[in-house]
Amino acid sequence: MTQRLRYLIVDDDPAFCTALARSLERLQHEVAIAHDADAALARARGFTRSGQSWTSSSPRVPGCT
Amino acid sequence: MIQAMPALSAARNNLRQLTTIRYIALGSLGLALTALGPALPRGSKLLLLAAMLGVFTVLNALARGRTRRPPPISEAEFFGHLLLDIAGLSCLLYFSGGATNPLISYYLVPVSIAAATLGRKLSWAVAALAFACYSLLLVFYQPIPALVPTAHHGGLNLHVLGMWANFAVSAALIGYFLFSMAETLRHQQHQIAQQREEQLRDEQLLSVATLAAGAAHELGTPLNTMKLLVEDALAGPAGHRALAEGDLAVLDRQLDRCRETLKKLVRAASVPEHAQTAQPVRQYLLALLDAWRVIRPQTLATLKLDPNCPDSAAIFHPAIESALHNLLDNAADASPRITVEADWTQAILTIRIRDFGPGIGPEQRQHLGQPGRSEKPHGLGLGLFLSHSTIGRHGGAVELRNAEGGGTLTRITLPLTTPRP
């Protein structure tokens, strides 16, 4: 069993976020989803320093320039 | 953007100017005849000369009217008008002192016009004919004693002979140098047109490349989503792998998105139709060949349009004209004489360009239309490739094969885009 990680997925495409989150959850990871920059920052604040976060974002995510 | 066709073709403009020159010449002659007539001795063919001027004026008015009628004026027709000038001038001179008449130097006018506007062979033909008429007029004419230079004693006058020799040298110089200058100008014009085409092509390529990059980015997300869903399904136990109802719907939407993106790319690669207006097919082809003849006056191009074809109109992308000019250039490079035949229905246009050159070898045939291959020693083969791809992008096809009886037959089929009502 690999190490359990916390993921924050940020993308404006809900279908992609859901599919990726499901794959990660199947691997027993913890996943949070955000569709824009504000929500992403709000979710990231709740993450502990020890946790790792991997952010996938596209240039078109609302709030990102 | 390339202008689809010039409002006034060069040949038409040339003929219009020629008729203006004639009006000026005829007017001057009329004045001269009125002023000098009474001074001339009895027996001069004054009435006959006046009648001839009248006839020429009528003929010139007809030629002027010709410039307003739609059929394009070919090089051969313009040549015919210049022959008429030489014939008319010769008649006038025959009855008015022949080579002793100072008016004889007017022969240089048609020679110069021919050198500036016609191909090499035809302009030399005009010069040779003018010289021949001049030479005949040294011997055969109805004399007007008042016109003969002094010290006349029966035979050929040295002054008249000197003028004749001078004419020969002048005509040769004009024929050679003026023709070269006009040729240089035509060449430059051709290069400018080519550069404009290349620029248009580059702009189009750049915009397509930008769009392609955007499309690739847009395709990334739905493809990733589908990949994840499929991997998810594959991760299930063997024999029970299946996609959930909801996942199928997601997959379906992702596929739609991919298709939409690709459609958008294809649409963007073609110039918007609303930016163009429909043109009658017949006029389009006539103008297209007319414009091409200006660039390649040395090539004898015969255009045959099927008279039974419908009077339909269609939208022609500006790139089509360049592509067709390119194919015509190819044919003209292979032989000095080409024939172009076209017929069309409401839906499709077929053009056959036939040259009488060496034709296509079996090895060349395989590589035709590919970049980097050329039948010409200095060509890159790019022209043919671009013509192929332009015609292909508009749903048409270019086919080259050996014609019966030698030469190459280039067959172009192009679906016609009719204007929406």
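Chain naming here is simple, since letters A, B, ... match the order of the sequence lines and numbering starts at 1 in each.
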Task: A/R22 side chain reached by B/L229 side chain, heavy atoms, under 4.5 Å - done: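 SC-SC contact between B/L229 and A/R22 confirmed.
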Task: B/E245, CD: over 12 other non-hydrogen atoms inside 6.0 angstrom - done: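 Open: at most 12 neighbouring heavy atoms sit under 6.0 Å from CD of B/E245.
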Open item on the list: Taking side chain as everything from C-beta outward and backbone as N, CA, C, O, which of these in B/Q254 sits under 4.5 Å from a heavy atom of chain A? Side chain, backbone, both or neither.
Closed with: side chain
TODO: Identify the two heavy atoms, one from B/V250 and one from A/A15, that lie closest to each other, and give their separation to 0.1 Å.
DONE: CG1-CB, 4.1 Å
- [ ] Measure the spacing between CG of A/L20 and OG1 of B/T221 and express it to the nearest 0.5 Å.
- [x] 11.5 Å
